[in-house]
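Note sheet for the following structure.
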Amino acid sequence: MNSTTKKGIKRHSPFPSVDELLQSLEEIEITKRRRLSTDPIHKITSQETSSENSDDDGSNCMNLDQERDWSSLTPDLLIEILRLFGSMRDFMAFREVCRSWRRVAAPTRYALARQPPLFLCTGFQVSSEGFIDMNCLRLHILKLRQPHRVPCTLGYSHGFLISTIGLDYFDQTILLRNLFTGAEFLLPKTTEAFQRVRLSASPLSSECLVILFSPGDSIVQFCWSGQSHWRIGCIGPDEVLDDMLFLNGKLYALTNGKKLLSVDPFSWKVAVLGVDDEISREESTNSVSKWVLAECNGQLLLIGYLPLGGLRLYTWDNKSSKWVSTSSLDGCAMFLSFGGFAGSIVPSGSRIRANCIYYFDHDRDSFYEYSLDDKILRYPFRYYGLQKGCMPVWVLPSLC
């Protein structure tokens, strides 16, 4: 069932009718039969078969089309069909057809490569999550099993929603929920306040390291997947954090003194990779409000927010140990949330453009689209369904 809400956003039920999906698959089969009908060998075989059954009234042929055995579709063909879906609605409907199709539709980067970015409307309903498809501006409502206390979703990483459950900032339990499989992980209760969460890998991996920190603080909490308590690390007595980021298996930290640090989480040894005075001058000259670390195609990036709108983008040069100004994302689109960097993907739709950075302005209830090509700041969308105090979260299915 479909209905249209205000502002032109269409609201859909979480799963469409299976008949719609089967109809599309049958159209593929009809196209295939038409192609075979032009094959001379196929024509001869068809004529021989029809002569043998010339006394039949044709009802068997009609029944064959009406009672087609969809289980005969091979997994390889199903995967190729799955990769053609350009919306999460179609992907989730495919998984609901039967168990064998659900096994084929495992949430992998290959299967979800064409899925567009989703905007999570946290606080949309107590028992569900609302996702806006950024290509077609459709609102999807997905039912997720909720814990005893309603969680506050902070971000999304490696296919998992990152949420907190607790009464105050010093007594929080982190809940990791897989958007596609329903798998859940509860991490130990925290001992220190935090604002941002970073995952080094999927929580399904034993190599997953979880980092908790707050900008403006020097204390970092960290634990490995499966551990029962948090360990405490410190960046340094005279430094406080601006941001932290995992990239290619390494943990990087940026301090308020614009030092780029490399942190070994096993021994918690901190090494200074460089100090860039030009970035400090940029901060004072243009009144950059905040800095965040990011990455694109394996390259470490630094982004500065300007108070009147717009961004500054830099890439790290290992040879000179300096940040170098750049205006290219190599054909990708980047997404930033209140918690910092969310991800970079190759755009697959018309609304998300290459070489653009998308981020939020909570005061104006708007998305910013900043083009690195023409340095123009646009307000292409408004976001809906949010309650005051809720943080919008980017969900990038292709980065699961």
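Quick note: residue numbers are just sequence positions, from 1. Computed from heavy atoms alone, side chains included, the values below leave out hydrogens, waters and symmetry copies.
Annotation for Leu212 and Trp230: closest pair CD1-CH2, 3.5 Å, computed over non-hydrogen atoms. The shortest non-hydrogen separation linking Gly331 to Pro347 is O-CD, 3.4 Å. Listed here is the closest heavy atom pair of Phe85 and Phe94: CE1-CD1, 3.5 Å.
Tyr110 carries Arg83 over the face of its six-membered ring, with the cationic atom under 6.0 Å from the centre and within 45° of the normal.
Under the side chain to side chain contact (heavy atoms under 4.5 Å, CB included) test applied with Ile303, the options Val292, Leu293, Val288 reduce to a single match, Val292.
No salt bridge links Lys250 with Asp264; every basic N to acidic carboxylate O contact stays at or beyond 4.0 Å. Ion pairing between Arg198 and Asp243 holds under the 4.0 Å rule for side-chain N and carboxylate O.
The backbone N or O of Cys296 lies less than 3.5 Å from no partner atom in the side chain of Ser344, so there is not a single donor-acceptor pair.
Taken from SG in Cys223 to CG in Leu187, the straight-line distance is 5.5 Å, to the nearest 0.5 Å.
Under a hydrophobic clustering in which Ile, Leu, Val, Met, Phe, Trp and Tyr are joined whenever their side-chain heavy atoms come within less than 4.5 Å, directly or via other members, Ile211 and Leu300 fall into different clusters. Using a 4.5 Å cut-off between side-chain heavy atoms of Ile, Leu, Val, Met, Phe, Trp and Tyr, with links allowed through other members, Leu302 and Leu261 fall into different hydrophobic clusters. Clustering ILVMFWY residues whenever any of their side-chain heavy atoms sit less than 4.5 angstrom apart, transitively, puts Leu329 in the very cluster that holds Leu377.
By the neighbour-count criterion of 12 heavy atoms within 6.0 Å, atom NZ of Lys375 is densely surrounded, having more than that number from other residues, nucleotides or ligands.
Ring geometry, Trp268 versus Phe222: the interplanar angle falls under 30°, so the pair is classed parallel (tilted spans 30 to 60°).
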